[in-house]
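Below is one structure; the comments refer to it alone.
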Amino acid sequence: MSDTAPFRLYNTLTHRVEPVEPLEPGHLRFYSCGPTVYSYAHIGNFRSFLTADLILRTARAIGWKTTYVSNITDVGHLTEDDVADAGGEDKMARALRSPEGRRFANVWDLARYYTGALLDDWRALNLIEPDVRPRATEHMREQILAVERLIQTGHAYETERGVYFSVPSFEGYGKLSGNERLDRLIEGAAAESRDVVQDPDKRDPRDFALWKKDPAHLMQWYSPWGWGFPGWHLECSVMAMTYLGETLDLHAGGEDLIFPHHECEIAQSESLSGKPFARMWVHTRFLQVEGEKMSKRTGNFFTVRDLTAPQAEGGRGIDPLALRLALISGQYRKPFNFTFDNLRAAARHVQRFRDADERVAAALAADAPGDDIVGERLQRLYRQALDAMLDDLNTPAAIAAALDGVKLIGGIGARLNGASARSAKAWLDDIHRLLGIVRPESPTEAPETDPLAEQIDALLAERQEARRRRDFARADAIRADLDALGIEVMDTPEGPKWRRKPAV
RNA sequence: GGUGCCGUGGCCGAGUGGUUAGGCAAAGGUCUGCAAAACCUUGUACGGCGGUUCGAAUCCGCCCGGCACCUCCA
């Protein structure tokens with residue numbers, strides 16, 4: 001694939017869409033900030049993870065090798081401290097005290113549980129498994145060593161409460177976020193009237209914690225500065241450099257991470273290595289839900305499992321692939337409004353892909369003779385989809401091309417001979433590799449047996465018998481009964497088929 | 001106050017100087033006992049005001065509006 005357009009992404013650092021140019025040509029080294037595992041991940045988290053996933057899929061589609069690292073933050077960092085309570089609150093500790101958290105013996109147990117839940121959601125949404133999924137708690141030694149080195153080189157200092165990175169010691173602070181002027185920062189922060197607890201011994205208000213001394217924290221490690229825990233920003237620097245080298249090709253995360261998290265990562269990492277930390281930064285815009293900021297208070301807060309769990313288990317029974325498609329239906333960099341209308345459309349689209357896939361499989365089995373009448377056009381459509389993705393992940397355009405292909409396959413109908421079906425199959429495979437929306441990639445634990453299957457089959461048999469007698473009133477009555485059960489019946493040349501009606 | 005993203009038809013959402021985006025919803029049609037699915041047909045929109053141009057949704061200026069971030073916290 002040497003004739004492709006360049007892969008271009010918007011680089012927060014330069015404020016421009018520019019070609020992705022791996023240090024080692026054809027090998028993308030990529031770090032994506034993962035979540036803190038103190039509860040179930042929500043759909044906003046997953047929008048960011050999906051951006052990373054699509055970057056990988058696109059890179060692989062043009063034949064690149066990828067090394068993908070995405071961390072799990074399992075250290076209990078502090079919550080925002082609106083109440084000016086001393087030192088804020090450990091997120092893990094708070095989660096442990098919450099109604100959902102009481103069943104866990106301790107914070108470690110809690111972190112382990114929510115890590116598992118994250119991985120389940122990850123697979124359900126067809127996200128590519130990272131090559132390395134490092135955990136902050138498993139890289140304590142590296143973090144402590146990094147702090148020691150920063151102290152030795154004059155980039156950090158110790159106070160009674162912790163160890164801080166000295167922002168004035170790093171010239172480039174602010175180059176990512178544009179927060180380069182101290183007075184403006186202070187002005188803005190003051191305007192927010194946020195009283196955050198400050199360590200009075202800090203030398204500069206911008207200095208940030210590398211290590212916090214806290215004998216009360218539920219997660220503690222012993223360090224040269226006594227018992228405590230690492231600053232939040234540090235883990236990503238350390239784990240990224242451990243697995244990807246001192247300079248990464250690409251670093252991604254949610255837009256909230258631009259400042260201070262990524263700004264601080266740059267300061268630490270470049271002070272440690274003396275080299276550029278990441279060549280390119282990609283940030284995913286926050287989503288809104290039904291036009292509003294997603295928040296628990298307004299009741300428009302959704303975790304992945306709120307939507308995908310079966311209705312019997314309190315979820316909404318939404319196809320995970322429909323959720324995936326809905327979440328990527330807007331470009332990652334634009335404001336995105338997640339609505340149930342979107343979700344409904346996505347569910348239909350996923351169903352169209354699935355139907356096309358099945359139709360093609362059937363045609364493949366039948367293997368009717370004839371020339372390939374779709375291959376060329378499908379190839380062109382794949383090309384369009386790929387080009388769209390290469391252009392700063394233009395998912396709406398890519399999905400449009402994919403839907404055009406589905407329509408093309410549908411339009412062929414019965415004339416889908418063996419040769420055409422082979423082309424269509426190859427096309428669906430390609431589209432699926434690129435966008436991940438055609439089929440589930442990991443086996444679902446629940447087998448596809450519906451508890452009502454027996455009853456449904458009996459009713460369908462009775463209906464077939466009624467139809468044979470041309471007793472259509474009876475047949476339609478049975479259809480209505482099934483409809484009441486949430487079952488949709490479709491009469492096909494091969495006999496009746498049924499499926500559960502979509503949840504949205 | 002600073003920084004950044006954005007404003008397209010009923011809705012979602014591409015397009016970035018002149019030629020069809022695509023989808024959802026809606027209406028009509030083909031097919032079907034009826035439905036569903038699939039396919040066909042129907043939509044001339046670009047926040048406002050100026051400017052540049054033969055020509056602007058697309059470039060420039062101003063204005064209006066939306067969203068996000070702004071320190072030790074995800």
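As a basis for the values below, the full set of heavy atoms in this structure was taken, side chains included, without hydrogen atoms, waters or symmetry mates.
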Q: For A:Y10, report the nucleic acid contact type (base, sugar-phosphate, nothing); a contact means any heavy atom under 4.0 Å.
A: sugar-phosphate
Q) With a non-hydrogen cut-off below 4.0 angstrom, is A:R352 in contact with a base, only sugar-phosphate, or nothing? A) sugar-phosphate
Q) Which base sits across from B:rG18 as a Watson-Crick or G-U pair, both distances under 3.5 Å? A) B:rC54
Q.
I need the NE2-P distance between A:H283 and B:rU3, as an integer number of Å.
A. 18 Å
Q. Which nucleotide sits closest to the side chain of A:L403: B:rG22, B:rA35, B:rC5?
A. B:rG22
Q) B:rU71 P sits how many Å from A:W232 CH2, rounded? A) 13 Å
Q.
Pairing check on B:rU44: which nucleotide meets the Watson-Crick or G-U wobble criteria with it, both distances under 3.5 Å?
A. none
(Q) Just to be sure I understand the rule, does A:H261 reach a base, reach only the sugar-phosphate, or reach nothing, if contact means heavy atoms closer than 4.0 Å? (A) nothing
Q.
Tell me the interatomic distance from A:R8, atom CZ, to B:rU16, atom P, rounded to whole angstroms.
A. 10 Å
**Q.** Nearest-nucleotide pick for A:A475, side chain only, options being B:rG22, B:rG33, B:rC73
**A.** B:rG33
Q: Name the residue closer to the 5' end of RNA chain B, choosing between A:D391 and A:N342 according to the nucleotide with the nearest heavy atom.
A: A:N342
(Q) Give me the distance, rounded to whole Å, that separates B:rU16 from B:rC46 when you measure between the C1' atoms they each carry. (A) 12 Å
Q. Rounded to whole angstroms, how far apart are CZ on A:F353 and C1' on B:rG22?
A. 11 Å
Q) Of the candidate nucleotides B:rA14, B:rA35, B:rA38, which contains the atom at the shortest distance from the side chain of A:K334? A) B:rA14
Q | Options B:rA37, B:rG23, B:rG7, nucleotide nearest the side-chain atoms of A:D355 | A | B:rA37
(Q) Using atom C1' in both nucleotides, what's the gap between B:rA56 and B:rU44 to the nearest angstrom? (A) 16 Å
(Q) Within 45 degrees of the ring normal and closer than 6.0 Å to the centroid, is that where the cationic atom of A:R377 sits relative to A:W427? (A) no
Q: Could you tell me whether A:E358 and A:R354 have a side-chain N and a carboxylate O separated by less than 4.0 Å?
A: no
Q: Provide the distance between the two P atoms, one in B:rC34 and one in B:rG22, to the nearest whole Å.
A: 31 Å
Q. Does B:rC67 have a Watson-Crick or wobble mate here (both distances under 3.5 Å), and if so which one?
A. B:rG4
(Q) Using a heavy-atom cut-off of 4.0 Å across all strands, would you classify A:R463 as base, sugar-phosphate, or nothing? (A) base
Q | Quiz item: cation-pi between A:R203 and A:Y157, 6.0 Å / 45° | A | yes
Q) Between B:rG33, B:rA38, B:rC69, which one does the side chain of A:R348 approach most closely? A) B:rA38
Q. So which nucleotide from B:rA68, B:rC6, B:rG22 ends up closest to the side chain of A:K407?
A. B:rG22
Q: Rounded off to whole Å, could you give me the CG-to-P distance for the A:L257 and B:rA68 pair?
A: 16 Å
Q: For residues A:F302 and A:H42, establish whether the separation of their ring centroids is below 6.0 Å.
A: no
Q) Between A:H15 (side chain) and A:T12 (backbone), is there a donor-acceptor pair under 3.5 Å? A) yes
Q: For B:rU52 versus B:rG61, give the span between their C1' atoms, rounded off to a whole number of Å.
A: 11 Å
Q: Describe the nucleic acid contact of A:V167 in one word from base, sugar-phosphate, nothing, applying a heavy-atom distance below 4.0 Å.
A: nothing
Q: Scan A:R467 against the nucleic acid and name what it touches under 4.0 Å (heavy atoms): base, sugar-phosphate only, or nothing.
A: base
Q: Could you let me know what B:rA38 is paired to, Watson-Crick or G-U wobble, both distances under 3.5 Å, or none if it's on its own?
A: B:rU30
**Q.** 5' precedence on RNA chain B between A:I258 and A:R470 (nearest-nucleotide basis)
**A.** A:R470
(Q) Between A:R467 and A:D491, does any NZ, NE, NH1 or NH2 come within less than 4.0 Å of an OD or OE carboxylate oxygen? (A) yes
Q. Expressed in angstrom and rounded to an integer, what is the separation of A:Q464 atom CD from B:rU32 atom P?
A. 17 Å
(Q) Between B:rG17 and B:rG29, how many Å separate the two C1' atoms, rounded to a whole number? (A) 39 Å
(Q) Please tell me whether A:F229 and A:W221 form a close aromatic pair, meaning their ring centres lie under 6.0 Å apart. (A) no
Q: Using a heavy-atom cut-off of under 4.0 Å over every strand shown, decide if A:Q331 touches base, sugar-phosphate, or nothing.
A: sugar-phosphate
**Q.** Short N-O contact, A:D214 and A:K212, less than 4.0 angstrom
**A.** no
Q | Nearest-angstrom distance from the residue atom CZ of A:F336 to P of B:rC67 | A | 17 Å
Q.
So if I take every side-chain heavy atom of A:N394 and compare against B:rA35, B:rA14, B:rC5, which nucleotide ends up nearest?
A. B:rA14
Q | Interatomic distance where CZ belongs to A:R333 and P belongs to B:rC67 [whole Å] | A | 20 Å
Q: Side chain of A:T36 only, please: which of B:rA74, B:rC73, B:rC69 is the nearest?
A: B:rA74
Q. Is A:D341 paired with A:R344 through a side-chain N to carboxylate O contact shorter than 4.0 Å?
A. yes
(Q) The side chain of A:D476 is closest to which nucleotide in this list: B:rA37, B:rA14, B:rC34? (A) B:rC34
Q) If we take the P atom in both B:rA45 and B:rC11, what is their distance in whole Å? A) 14 Å
Q) With a non-hydrogen cut-off below 4.0 angstrom, is A:D341 in contact with a base, only sugar-phosphate, or nothing? A) nothing
Q: Name the nucleic acid region contacted by A:R285, choosing base, sugar-phosphate or nothing; use a 4.0 angstrom heavy-atom cut-off, strictly under.
A: base
Q. Taking the P atom of each, how far is B:rG66 from B:rC24, in whole Å?
A. 32 Å
Q: Ignoring the backbone of A:P396, work out which of B:rU71, B:rA14, B:rC24 is nearest its side chain.
A: B:rA14
Q.
I'd like the C1' distance from B:rU58 over to B:rG18, given in whole Å.
A. 11 Å
